Trainee: 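Okay, handing you the structure first.
The sequence lines fix the lettering, A, B, ..., with proteins before strands; numbering per chain opens at 1. Every value quoted in this text rests on a predicted model; they were computed, and no experiment measured them.
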Number of protein chains: 2
Amino acid sequence: MALKTQDSPIIPCVNCPLQHVAGLRPLTENQIQFMAGFKQGELYVAKGAQMLSQGVVSPHLYSVLQGVLFRFKTMEDGRRQIVNFLFPGDMVGLQGAMEDPLQHGVEAITEARVCIFQRERFLELFGTHPRLGFDVAWLAARQETSLDEHLTSVGRRTARERIAWLALFLFLRGRATGLTGRTYLNIALTQAQIADTIGLSIVHTNKTLQALRKANIIEWTADRIGIHDLQAAIEYAKYDLQPESPRPFI
Amino acid sequence: MALKTQDSPIIPCVNCPLQHVAGLRPLTENQIQFMAGFKQGELYVAKGAQMLSQGVVSPHLYSVLQGVLFRFKTMEDGRRQIVNFLFPGDMVGLQGAMEDPLQHGVEAITEARVCIFQRERFLELFGTHPRLGFDVAWLAARQETSLDEHLTSVGRRTARERIAWLALFLFLRGRATGLTGRTYLNIALTQAQIADTIGLSIVHTNKTLQALRKANIIEWTADRIGIHDLQAAIEYAKYDLQPESPRPFI
DNA sequence: CGAGCTTTTGACGGTAGTCAACTGCGGTGG
DNA sequence: CCACCGCAGTTGACTACCGTCAAAAGCTCG
């Protein structure tokens, strides 16, 4: 896959690579035309860079064109919780887009590229392209079900289940957006990030990861997630696999 | 407040009581007219009754007219996680409304009353009333930030903080929808429900509740939540208080 | 080659889960 | 009318999972 680098030119919507991702529902000609006018620019985000900060009022709305990012909240005393991961096609800053300050930060796990849209023209989108508006609501609802699962994972799964669950979640989400290969998803999460996602301490995350490795359930190294027996992993994690209709994207 | 009972007639949208709730942004004449046609009926849900079950494909879309409900997920082995609470004006089944089977159940905490809308006419709403479509997206986004907070609570707060946090959350949410009085919110949560919300065992929930009672932080009895010193409780729970613009409702 | 980060390890303590039994309460039926 | 049942709440004992602390090892980068 030819990755765009920091210096590559802005991708016109007409050539949007997301149009050809198997897990995403392509836009119509008409919709692409509109999006081309709606799109204000593009933002390159370096791996590990923070794209948005908690508390700021963002004048923009974004969607992920390339790469993987995560949303996180930090408490005043420094405790951090990663709440969600953003894959290609996901919207960023919808919450903040409704005039209130952003209640979470956004950071890139991989090198990433996001489209920038104008917030003040957002209502217009609903007026002139109801289907796109519907899709926005659809995406928001989908994020919500994703959070539901994350929450039950943190609230009700054991440490091992949680880690296996997270590996599967990322793996499958990557597969739906064309990032996951046959058995591997190339993504570099630190153990601190894993810990902050599933609500464990770093030390215990480390020990649990080792146990999972020994048990041959998942192969999670510094730079990739490997799952050799998908079915076994799903059962181990008690992953709630669901038939997904292809996602829309903006 | 005059509560409607099971036998009271269906409330026409023109007289929608939510129009006068301080925390909600009233609909315009025009919007009410549309909603009146969009509304298909009303559903009375007895206290403790399950309104929707996990796994079903719901042909409808709902919004809460009166009462408080919660959404929950259950794992195959019975572990349960309450993911969200639904107060007047909240939408129910948005996730499921997008064609996929519902991934959570919905149960009423109090006697409740919900409006029933037709799912197949949902897209039409976006076409003819963009502002309402926008509001749907807004509500979904808001639910998401609510889940964000819930997730950081379960993932990163101590048991005491979690319970105090939940009390505050319900208390304030009730206040925004006119349910909370000066110092009390009349709502009957069992300790099992509290436990399933914050990811603790029942026993430990019980002991933590007692500790909080002794410490005089919150007064949480079988049928109501009392908070005497709001500021103190907020600090204790490390509650992330945010100025909220009035919610739209559908 | 050293600074700084991530990962790893071991020891220890505390928070939270499990088990089991008992209390209290409202509802039901004999 | 009251015994009995079932459910919610409570208690204590024991266990184990997980967090904290501290230190070392491995890596990457300047």
Trainee: Applying the side-chain contact (heavy atoms from CB on, under 4.5 Å) test to Phe85(B), which of Leu69(B), Ile187(B), Ile109(B), Asp90(B) qualifies?
Mentor: Ile109(B)

Trainee: Any side-chain N or O of Gln191(A) below 4.0 angstrom from OP1/OP2 of dT8(C)?
Mentor: yes

Trainee: Contact class for Ala159(B) vs. all strands (heavy atom < 4.0 Å): base, sugar-phosphate, or nothing?
Mentor: sugar-phosphate

Trainee: Could you state the atom-to-atom distance from CD1 of Ile202(A) to P of dA22(D) in whole Å?
Mentor: 16 Å

Trainee: When you look at CZ of Arg79(A), are more than 12 heavy atoms from neighbouring residues, nucleotides or ligands closer to it than 6.0 Å?
Mentor: yes

Trainee: May I ask you to evaluate whether Arg79(A) reaches the phosphate of dG19(D), defined as a side-chain N or O under 4.0 Å from OP1 or OP2?
Mentor: no

Trainee: Output the single nucleotide from dT7(C), dG19(D), dG9(D) whose closest atom is nearest the side chain of Ser201(A).
Mentor: dG19(D)

Trainee: Could you tell me how far apart Ile194(A) (CD1) and dT6(C) (P) are, to the nearest whole angstrom?
Mentor: 12 Å

Trainee: Looking only at heavy atoms, which two atoms of Glu111(A) and Lys47(A) are closest? And how far apart?
Mentor: N-CB, 3.7 Å

Trainee: State, to 0.1 Å, how close Arg80(B) and Phe72(B) come at their nearest heavy-atom pair, and which atoms those are.
Mentor: CD-CD1, 3.8 Å

Trainee: Specify the separation, in whole Å, of atom CZ of Arg160(B) and atom C1' of dT15(C).
Mentor: 10 Å

Trainee: List the steps and the verdict of side-chain hydrogen bond (donor to acceptor under 3.5 Å, both in side chains) for Thr152(A) and Arg156(A).
Mentor: CA-CA 5 Å; Thr152(A) 71; Arg156(A) 285 301 178 218; over 6 Å; no

Trainee: Quick one: His204(B) NE2 to dA8(D) P, roughly how many Å, whole number?
Mentor: 21 Å

Trainee: Asp223(B) has an atom CG; how far is it from atom P of dA8(D), in whole Å?
Mentor: 15 Å

Trainee: Could you give the NZ-to-P distance, from Lys47(A) to dC5(C), as a whole number of Å?
Mentor: 17 Å

Trainee: Between Ala192(B) and Lys207(B), which has a closest nucleotide on DNA chain D that is more 5'?
Mentor: Ala192(B)

Trainee: Can you check whether Gln210(B) has a side-chain N or O nearer than 4.0 Å to OP1 or OP2 of dG9(D)?
Mentor: no

Trainee: May I have the distance from Leu189(A) (atom CG) to dT7(C) (atom C1'), rounded to whole angstrom?
Mentor: 15 Å

Trainee: Classify the nucleic acid contact of Gly48(B) as base, sugar-phosphate or nothing, counting any heavy atom under 4.0 Å across all strands shown.
Mentor: nothing

Trainee: With respect to the phosphate group of dA8(D), does any side-chain polar atom (N or O) of Gln193(B) fall under 4.0 Å of OP1 or OP2?
Mentor: no

Trainee: Is Arg213(A) near enough to dT8(C) that one of its side-chain N or O atoms lies under 4.0 angstrom from OP1 or OP2?
Mentor: yes

Trainee: Ignoring backbone atoms, test whether Asn206(B) places a side-chain nitrogen or oxygen under 4.0 Å from the OP1 or OP2 oxygen of dT10(D).
Mentor: yes

Trainee: Looking at the side chain of Val203(B), which of dC21(D), dG19(D), dT11(D) is the nearest nucleotide?
Mentor: dT11(D)

Trainee: Between atom CG in Leu209(B) and atom P in dA16(C), what is the gap in whole Å?
Mentor: 13 Å

